[in-house]
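We use all heavy atoms of the structure for the numbers below, so side chains are in, but hydrogens, waters and symmetry mates are not. Positions are given from 1, in the same order as the sequence printed here. These numbers come from a predicted model, not from an experiment.
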Amino acid sequence: MELNEIRDRARELSRGFCRVCPSCDGRACAGEIPGMGGAGTAASFKNNLAALAAYEFVTSLIHDVKRPELRTEVMGLSLSMPLMIAPVGGISFNLGGPVSESVYQRAVGEGAKAAGISCGTPDAAADGVFETGLTDAGKPLDHLIMPFVKPWEPELVKAKLELASRIGCKAAAMDLDSAGLATLRIMKRPCLPKGMREIREIADHAHAFGLKFAIKGLMTADDALRAADSGADGVIVSNHGGRVLDSMPGTAYVLPSVARALRGRAAVFCDGGVRSGGDILKMLALGADCVMAGRPFTIAAVGGGAEGVARLAASWRQELETSMIMTGTASVNDVPDAVLCRRGHWSTRGGTRDPAPPVPS
Ligand SMILES: Cc1cc2nc3c(=O)[nH]c(=O)nc-3n(C[C@H](O)[C@H](O)[C@H](O)COP(=O)(O)O)c2cc1C
């Protein structure tokens, strides 16, 4: 199945809940939560794409990089390329029920398996969403997935981590930014942020269950350092695809300062607005060890099932490889920031290049 066929089918099935726009940039669906949109004006969603678009590639063509290395390992997960499918929950709630939660998660898991990548699985106020992800997406991947737990009460978090461990997972995460999620308020199950002592306890439980533990939704170097100091093994720079608070910066804009502050103390993930293999390379150059993408894979899974997910991943893989060859990047595990310049500021690679991308203080 071709990508345009997959997208056409997704558009038809989601009956206006997602318009499957030519560019998934938050403009058409602003404020649509429940739905696929960003909160309020969707500035946070739009800023994710704008922050990536603010960088351009600096090519290099006299080199020996003919077959770049795309494989990587992060948080104990072995990946054929540095990409994971982001957790997307409440498919029936947010997309008007074109497929069930279980069918969706299975498509994501099987598609990720075919592509040699992994996925996050969601948690929600509705009963069974966490378990559905664990089993339906988890099974095809031998449970080498990253289940996300919402910042619920400590006993519930502990029980969910224990379940993830029992089923065979090696890593888990918490989307701490769900504190801002309107859907949880609508379902009368809001969550709140957690202090360092609480995070430490959760990380300790995860480690006792044999799980590596990451925190998603952090947007500053200070929060990332607090997470690492509290025992987190990974930090996921994310604004939840713009769904938790209007008027946040794009993730690619804040990523360098987070990566620089952590200096390898925790794995760095980033998501938000990733729409191509080239965007993956940009995020790596800005400091990510691994990249996540949400909506494009939701559209692929709804329109093409597991085949759609694998097809999209294969297309991004090709684009990533091409971008690496064109910039002389030998390995995804060592991407210099010199492969990027700020839009309109062409650099000369190793010569008198323009200053590095500005980093917010
Ligand atoms: C409909 C929808 C549901 C989501 N559900 C979850 C969730 O359950 N847990 C979570 O951590 N993130 C969730 N996210 C956020 C994604 O994991 C990810 O951070 C975001 O989609 C990345 O932005 P992108 O869609 O531009 O790639 C959801 C996003 C959407 C659009």
Side-chain angles (χ1 to χ4, degrees), residues 48 51-52 55 68-87 112 115-120 144-146 148 169-176 203 206 211-221 223-229 231-239 250-274 276-294 313 316-317 319-321 323-324 327 329-340 356-357 359:
N48 283 341
L52 277 164
Y55 294 101
E69 177 60 77
L70 270 68
R71 293 200 151 271
T72 193
E73 195 173 317
V74 65
M75 297 271 292
L77 302 170
S78 184
L79 306 170
S80 70
M81 63 176 152
L83 173 69
M84 285 180 65
I85 301 173
I117 58 172
S118 181
C119 63
L144 296 176
I145 57 174
M146 201 191 284
F148 283 72
C169 297
K170 300 281 177 259
M174 172 171 280
D175 42 321
L176 204 52
L211 300 166
K212 288 192 183 289
F213 181 67
I215 301 186
K216 177 166 180 268
L218 306 184
M219 290 286 284
T220 66
D223 260 357
L225 288 172
R226 283 186 202 108
D229 288 345
D233 306 291
V235 163
I236 303 167
V237 177
S238 173
N239 61 20
T251 54
Y253 183 67
V254 305
L255 171 60
S257 63
V258 171
R260 205 166 299 164
L262 282 172
R263 281 183 297 159
R265 287 183 61 203
V268 179
F269 294 74
C270 189
D271 74 13
V274 173
S276 67
D279 285 344
I280 297 175
L281 186 60
K282 287 184 183 181
M283 287 295 201
L284 299 180
L286 294 170
D289 298 306
C290 186
V291 175
M292 288 185 162
W316 285 17
R317 182 186 178 82
E319 291 164 359
L320 172 60
E321 192 176 35
S323 314
M324 291 175 72
T327 54
T329 309
S331 168
V332 293
N333 297 303
D334 182 17
V335 182
D337 69 356
V339 304
L340 298 181
V359 175

Side chain of Lys170, backbone of Leu211: donor and acceptor closer than 3.5 Å? no
Quickly, which of Leu320, Leu284, Asp271 forms a side-chain contact (heavy atoms from CB on, under 4.5 Å) with Val291? Name it, please. Leu284
Lys282 side chain to Leu340 backbone, donor-acceptor under 3.5 Å: no
Could you go through Asp223 and Arg226, starting from their C-alpha distance and side-chain angles, then the distance that decides it, and tell me whether this counts as salt bridge (Lys or Arg N to Asp or Glu O under 4.0 Å)? CA-CA 5 Å; Asp223 260 357; Arg226 283 186 202 108; 2.7 Å; yes
Determine yes or no for a side-chain-to-main-chain donor-acceptor pair under 3.5 angstrom, with Asp289 supplying the side chain and Val268 the backbone. yes
Between the OH atom in Tyr55 and the CG atom in Leu286, the distance rounded to the nearest 0.5 Å is 5.0 Å
Any donor and acceptor pair, going by atom type alone, linking the side chain of Thr72 with main-chain N or O of Ser80 inside 3.5 Å? no
Treating Asn48 as the side-chain partner and Thr251 as the backbone partner, does any N or O pair qualify as donor plus acceptor under 3.5 Å? yes
How many angstroms lie between atom CG of Leu70 and atom CG of Leu83, to the nearest 0.5 angstrom? 10.5 Å
Quick one: closest heavy-atom pair of Ala86 and Met292, and the distance? CB-CB, 4.1 Å
Got a donor-acceptor contact below 3.5 angstrom from the Asn333 side chain to the Arg71 backbone? yes
Spacing of CE belonging to Met75 relative to CZ belonging to Phe269, to within rounding of 0.5 Å: 5.5 Å
To the nearest 0.5 Å, what is the distance between CD on Glu69 and CE on Met81? 13.0 Å
